[in-house]
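Heavy-atom basis, side chains included; hydrogens, waters and symmetry copies ignored. So that the names make sense, note that chain A is the first sequence line, chain B the second, and so on, each numbered from 1.
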2 protein chains.
Amino acid sequence: MAKLDFSPIADTTRRAEIVALLRRAILTGQLEPGQKLNELRIAEQMRVSRAPLREAMRELVQEGILTSIPYAGTFVIEVTAKDIIDAYSLNQVLDEFAIERTWPLRDQRFFDELDRRHDAVKEATRAKDTTRQIETALQLHGLIYEWADNSVLLETWQRLTSRLQMYFALHQRARNEPVPAEDVHETYVALMKGSDMRAAQRHAREHIDLDFEELLAYARGLEKRALKN
Amino acid sequence: MAKLDFSPIADTTRRAEIVALLRRAILTGQLEPGQKLNELRIAEQMRVSRAPLREAMRELVQEGILTSIPYAGTFVIEVTAKDIIDAYSLNQVLDEFAIERTWPLRDQRFFDELDRRHDAVKEATRAKDTTRQIETALQLHGLIYEWADNSVLLETWQRLTSRLQMYFALHQRARNEPVPAEDVHETYVALMKGSDMRAAQRHAREHIDLDFEELLAYARGLEKRALKN
DNA sequence: GACAAGCAGATTGTCGACAATCTAACAAGA
DNA sequence: TCTTGTTAGATTGTCGACAATCTGCTTGTC
């Protein structure tokens, strides 16, 4: 028999599609932080009953981008400056760990995939598709987690990614201007191909710090506005 | 008005209670790894309809202790040696980070709470209540996460805890003998009260390694058995 | 005018029934 | 004998309706 590994076929439950739809809406900022999700309304719009919608919402609550209060409703999480700081500082630690674990496992396939994802970022940048740019940048960054051969680490990263993507999207929408050049990624990719692991780890940490400053400033603005209400 | 902070009242939805019941059943090993959860049967036993039960199961799937295959069923996750290795290696990294962040925030309340939780472990050990012993030991360990003032880190730890507790419970049930002395915790508590952060971090890492060896041996046994089927 | 009680509307939580899908056993054909 | 098609039973996925709860308004009382 020919060695042909098929990928698992797509989940064809309504629930899975609803999860994907809602997640996308939240991460792109179509649903704003703090906004309430009215079950009846959303169910009608999606032409779906409330049962699978509610199950989907439970998943997103556990995923950390929705929050639920019994008999009151389910809401998109609020974003505070502290949340962003917390997420980023944890991300730094995880990055360091992921690079350490991935390092000895790097091979040609890794380098090829690294280039492929880097190209995707450049493509999105050229097309000025900011949403896709965030997505692809996070996917590029996520490669070290996929390669680290640690399923628990990968899961943790994926949870964190949801939030990071949401934060970035908020940020981008707020300042509404073209996104940073991809120089940072250029250096990152070069370092990940190189032989100095410590340098790669250091860069990952600093690279994050870079965009972090801007993001944080935005978050502080959010908090001030929130205080007025 | 008197400064009196009330704790939030309990969630009174069936769903929340079902989650708690199921989680406990899984973490104590009443529901074995790989076992299928029949919705109809469980719903009848709990005198509850399938709707809240299914929502509860979605939460536990996202929490990482159940796994779901569309139209096939929801199962307790299987435990492999690799899973345990992965969880522990990540735990080491997180511990180091948590201690670093908690360190400057330690105060009298922290020390008191540390002692309180340590006493709880000792009490459970005296009572030879192995399940409770695991719980309390993890709670003692979790204090650094609660104190680190990083919500994302805390969430991550709580997710990880579920698994660790499940692994430990499996292990204990398998060897079915009294549990290790609490000397390890004694040293840990002392170090957390001391002034040498590096020493505390080092100990946390080694302490984990200790039980880890046994747990890992057990996990390898599990894998061999699985291969026979 | 201030405040508590009570009511109406809207929304979430839960239920029982039906539809879609899977599994396993069996039958038919090469 | 092996494979393929069929079918019955069981189980999961989805639906529409009802119950429980919350929110805001109105009303009545002081």
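DNA chain D lies under 4.0 Å from at least one heavy atom of each of the following residues of residues 47-54 of chain A: A/V48, A/S49, A/R50, A/A51, A/P52. For DNA chain C, the neighbouring residues in residues 33-45 of chain A, judged by any heavy atom under 4.0 Å, are A/K36, A/L37, A/N38, A/E39. A heavy atom lying under 4.0 Å from DNA chain D marks the following residues of residues 58-66 of chain B, by number: B/R58.
With hydrogens and angles ignored, the 3.5 Å screen pairs a side-chain donor or acceptor of A/K36 with a backbone N or O of A/A72. A donor-acceptor contact shorter than 3.5 Å links the side chain of B/D86 to the backbone of A/S151. Between the side chain of A/Q172 and the backbone N or O of A/A169, no donor-acceptor pair lies under 3.5 Å.
Checking A/Y145 against A/N150 by side-chain atom types alone, no donor-acceptor pair falls below 3.5 Å. If you check the side chains of B/D129 and B/Q133, you find no donor sitting under 3.5 Å from an acceptor.
Summary of the strand contacts: B/G73 and A/A72 both lie near DNA chain D, and taking for each the nucleotide with the nearest heavy atom, the more 5' one is attributed to B/G73.
Using a 4.5 Å cut-off on side-chain heavy atoms (C-beta onward), A/F111 and A/R106 make contact. Looking at B/T13 and A/Y71, their side chains come closer than 4.5 Å, going by heavy atoms from C-beta outward. Counting heavy atoms from C-beta outward, A/L143 and A/R117 have side chains that approach closer than 4.5 Å.
Environment of CD in B/E113: crowded, with over 12 heavy atoms of neighbouring residues, nucleotides or ligands closer than 6.0 Å.
In 5' to 3' order, the nucleotides of DNA chain D bounding all contacts with chain B (an atom under 4.0 Å from a heavy atom) are D/dT11 to D/dT14.
Summarising the geometry of B/F75 relative to B/G34, their closest heavy-atom pair is CD2-O, 3.6 Å, with the distance given to 0.1 Å.
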Side-chain atoms of residues 52-69 of chain A: list all donor-acceptor pairs with protein atoms under 3.5 Å, sequence neighbours left out, distances to 0.1 Å.
unit_1: A/R54; atom_1: NE; unit_2: B/E55; atom_2: OE2; d: 2.8
unit_1: A/R54; atom_1: NH1; unit_2: A/E39; atom_2: OE1; d: 3.3
unit_1: A/R54; atom_1: NH1; unit_2: A/E39; atom_2: OE2; d: 2.9
unit_1: A/R54; atom_1: NH2; unit_2: B/E55; atom_2: OE1; d: 3.2
unit_1: A/R54; atom_1: NH2; unit_2: B/E55; atom_2: OE2; d: 3.4
unit_1: A/E55; atom_1: OE1; unit_2: A/R15; atom_2: NH1; d: 3.4
unit_1: A/E55; atom_1: OE1; unit_2: B/R54; atom_2: NH2; d: 3.3
unit_1: A/E55; atom_1: OE1; unit_2: B/R58; atom_2: NE; d: 3.3
unit_1: A/E55; atom_1: OE2; unit_2: B/R54; atom_2: NE; d: 2.8
unit_1: A/E55; atom_1: OE2; unit_2: B/R54; atom_2: NH2; d: 3.4
unit_1: A/R58; atom_1: NE; unit_2: B/E55; atom_2: OE1; d: 3.3
unit_1: A/R58; atom_1: NH1; unit_2: A/S68; atom_2: OG; d: 3.4
unit_1: A/E59; atom_1: OE2; unit_2: A/R15; atom_2: NE; d: 3.3
unit_1: A/E63; atom_1: OE1; unit_2: A/R23; atom_2: NH2; d: 2.9
unit_1: A/E63; atom_1: OE2; unit_2: A/R23; atom_2: NE; d: 2.9
unit_1: A/E63; atom_1: OE2; unit_2: A/S162; atom_2: OG; d: 3.0

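Shown here are the ring-ring contact (aromatic ring centres under 6.0 Å, His included) partners of B/F110, two or more places apart in sequence or in another chain: B/W147.
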